[in-house]
Amino acid sequence: MTLAENVSLTDASLHSSHVLNVANARDGAARIVQHFRVRAATSEQKIETLSGGNLQKFIVGREVLPAPPVLVLDQPSWGVDVGSAASIRNELIALRAAGCAIVIVSEELDELYQLADRLMVMAGGRLSSSRAPHELSVGELGRWMAGFWPTEDHPSKTAEHAA
Amino acid sequence: MSSWRLVPRQNASHVWIWLSPVVAIVLTLLAGSTLFAALGTSAWQGLNVFIVAPLETLRGWSELALKATPLILCGVGLAVCFRANVWNIGAEGQLIAGAIVGGGVALLATAESSRLWFGLVLLASMAGGALWASITAWLRDRFNANEILVSLMLVYVAQQLISWLVQGPWRDPNGYGFPQSELFAAAARAPIIFEGLRLNAGGGLALLAAAGVWWLLARSVIGFQLKVVGLAPLAARYAGFSSRRSLWIALLVSGSLAGLAGGLEVAGPIGQLTSTISPGYGFAAIIVAFVGRLHPVGVILASLVMALFYIGGELAQSRLGLPSALTGIYQGLLLFFLLACDTFVNYRVQSFRGAAA
């Protein structure tokens with residue numbers, strides 16, 4: 001699959017039109033490559049030939065650039081170098097500022113503290129209540145992750161309410 | 001001491017993807033010429049009759065295009081299937097089913113019928129091929145049956161069906177008992193393009209079909225979905241593409257094109273239904289599709305090569321007294337060498353020096 005074809009995967013017009021907009025897909029891929037500094041020669045390059053980090057940058061770019069209203073991410077900076085991880089985070093912050101609701105699932109705590117407005121822990125089948133990053137120390141978060149829930153908090157109840 | 005080993009390439013070689021069929025064709029001709037020598041003909045004379053003689057006359061080119069027509073139609077249809085990871089091995093059966101339904105409509109035409117009847121024959125043959133392919137699609141969809149086995153076995157069912165029809169209900173009462181139907185009325189026959197040559201309008205239809213399949217695969221959303229389902233099922237699910245829809249579309253497209261090929265054969269050069277309407281076009285088209293790299297332009301070129309093998313085999317039989325099985329052997333050699341050469345798409349040869357082992 002080429003980069004342009006990969007961009008087409010999430011093109012919303014796929015479901016409304018019968019004709020593929022090849023030029024648009026190529027432009028879209030080129031924009032992602034340029035914006036996220038993906039090491040790729042052309043939009044027609046096979047996506048399998050990208051390195052892991054470049055692939056990750058490209059895919060995050062594919063999801064971020066169309067500015068969706070809601071975005072769910074799992075380990076967005078997984079496998080990319082420090083510089084690229086920072087640029088991915090900056091893009092996510094910009095996207096949030098533009099009004100996108102973002103849910104990030106990650107074990108990268110520094111990243112979560114930098115990006116999140118609210119933190120929740122899911123462990124042992126329970127979901128904790130949400131806290132702002134400045135209300136929750138890394139140590140406490142770590143204990144939650146290990147399954148030591150605070151006594152004053154009733155995680156299972158909270159989860160029910162949330163459900 | 002040095003040894004040679006196959007080492008996996010990091011990325012598939014773009015050069016070898018297109019070089020492989022060319023090398024395979026050259027190797028097929030080389031191996032084929034040693035075959036001529038073994039049969040007591042000089043290699044040069046054999047190759048001359050096999051691949052040069054058919055192209056020396058205008059009539060030869062017309063015959064080449066005529067034989068390439070069903071191969072192109074079946075081949076581009078199979079390219080759609082194989083791209084979608086649907087292993088339709090039964091184009092031969094779909095071709096026969098198309099010939100049966102199209103032929104049935106053609107038999108209804110009379111001397112007074114309008115020329116439009118031929119269009120009706122084509123539509124009927126496409127419907128017949130699509131119907132036959134839909135049996136495979138339904139069995140795969142409903143029972144998760146293996147489409148390779150089901151489509152292949154349905155070929156033999158179709159062969160028995162046409163054999164029964166031309167020996168039973170549709171047999172020409174004035175045909176001296178031969179297993180064949182009456183000749184079709186002129187209105188149901190494919191119009192000839194050039195007076196005196198057998199090439200008919202089907203050749204143009206095959207090129208149109210190839211162009212249509214190119215558009216489907218390269219420019220349409222449906223084709224894109226087919227390719228993604230075939231290439232990356234998980235990505236397809238993520239994007240919300242239905243693999244069931246792909247299965248049905250791929251089989252219906254290739255079934256109707258194979259059916260059209262069958263209809264054009266019986267309404268074209270044959271002119272009636274007989275028990276053997278195809279010298280294995282549907283099977284040869286599988287080789288054609290892969291030699292043509294599942295690309296419509298490649299399929300057209302590969303069809304011409306394969307058509308040459310068919311005609312060469314006939315000429316080798318009539319002019320040199322060699323067995324007509326040569327055609328099948330050439331087809332087999334081509335597939336064999338193609339598969340061998342395709343190794344180099346994903347592997348390269350590396351030499352290891354010294355006692356590395």
Side-chain angles (χ1 to χ4, degrees), chain A residues 1-29 32 38-66 68 70-76 78 103 105, chain B residues 7-18 20 79-80 82-85 211-246 248-250 252-253 293-297 342 345-348:
Chain A
M1 194 185 298
T2 66
L3 298 184
E5 284 173 327
N6 193 280
V7 168
S8 301
L9 278 180
T10 50
D11 183 353
S13 68
L14 271 189
H15 301 280
S16 56
S17 157
H18 292 292
V19 184
L20 216 53
N21 197 332
V22 179
N24 255 8
R26 280 185 193 144
D27 290 351
I32 296 169
V38 179
R39 278 174 183 271
T42 68
S43 300
E44 292 302 300
Q45 187 171 341
K46 297 269 177 198
I47 195 154
E48 306 90 90
T49 63
L50 293 186
S51 71
N54 279 305
L55 184 63
Q56 183 76 358
K57 282 194 275 184
F58 186 82
I59 289 172
V60 171
R62 185 189 74 193
E63 299 298 331
V64 167
L65 267 193
V70 179
L71 186 61
V72 180
L73 294 160
D74 184 15
Q75 320 245 31
W78 185 82
V103 177
V105 180
Chain B
V7 181
R9 292 181 196 270
Q10 207 154 22
N11 304 315
S13 161
H14 287 282
V15 176
W16 268 99
I17 284 177
W18 290 99
S20 167
V80 173
F82 297 157
R83 287 280 185 110
N85 218 0
V213 165
W214 176 83
W215 184 86
L216 179 81
L217 287 174
R219 290 289 179 271
S220 78
V221 169
I222 289 174
F224 178 68
Q225 294 177 341
L226 287 176
K227 286 193 290 182
V228 174
V229 167
L231 205 64
L234 287 175
R237 276 184 59 188
Y238 166 74
F241 302 161
S242 156
S243 62
R244 288 181 61 199
R245 207 171 94 114
S246 280
W248 277 96
I249 290 174
L252 290 178
V253 167
R293 307 279 82 165
L294 307 183
H295 188 286
V297 175
D342 273 353
V345 173
N346 290 311
Y347 292 86
R348 62 195 167 84

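Letters A, B, ... are given to chains in the order of the sequence lines, protein chains preceding strands, and every chain is numbered from 1.
- No more than 12 heavy-atom neighbours from other residues, nucleotides or ligands sit within 6.0 angstrom of CH2 on A:W78.
- The neighbour count for B:Y347 OH, taken as heavy atoms of other residues, nucleotides or ligands under 6.0 Å away, does not exceed 12.
- B:A232 touches chain A through its side chain: at least one heavy atom from C-beta onward sits under 4.5 Å away, while N, CA, C and O do not.
- Closest of all the heavy-atom pairs between A:M1 and B:L231 is N-CD2, 3.5 Å.
- Taking each heavy atom of A:L9 and B:A239 in turn, the nearest pair found is O-CB, 3.5 Å.
- Of all non-hydrogen atoms in A:E5 and B:F224, the two that sit nearest each other are O-CZ, 3.0 Å.
- Taking CD1 from B:I222 and CG from A:L20, the interatomic distance works out to 11.5 Å, rounded to the nearest 0.5 Å.
- Nearest heavy atoms, A:E63 versus B:Y238: OE2-OH, 2.6 Å.
- The number of heavy-atom neighbours closer than 6.0 Å to CZ of B:R237, taken from other residues, nucleotides and ligands shown, is 12 or below.
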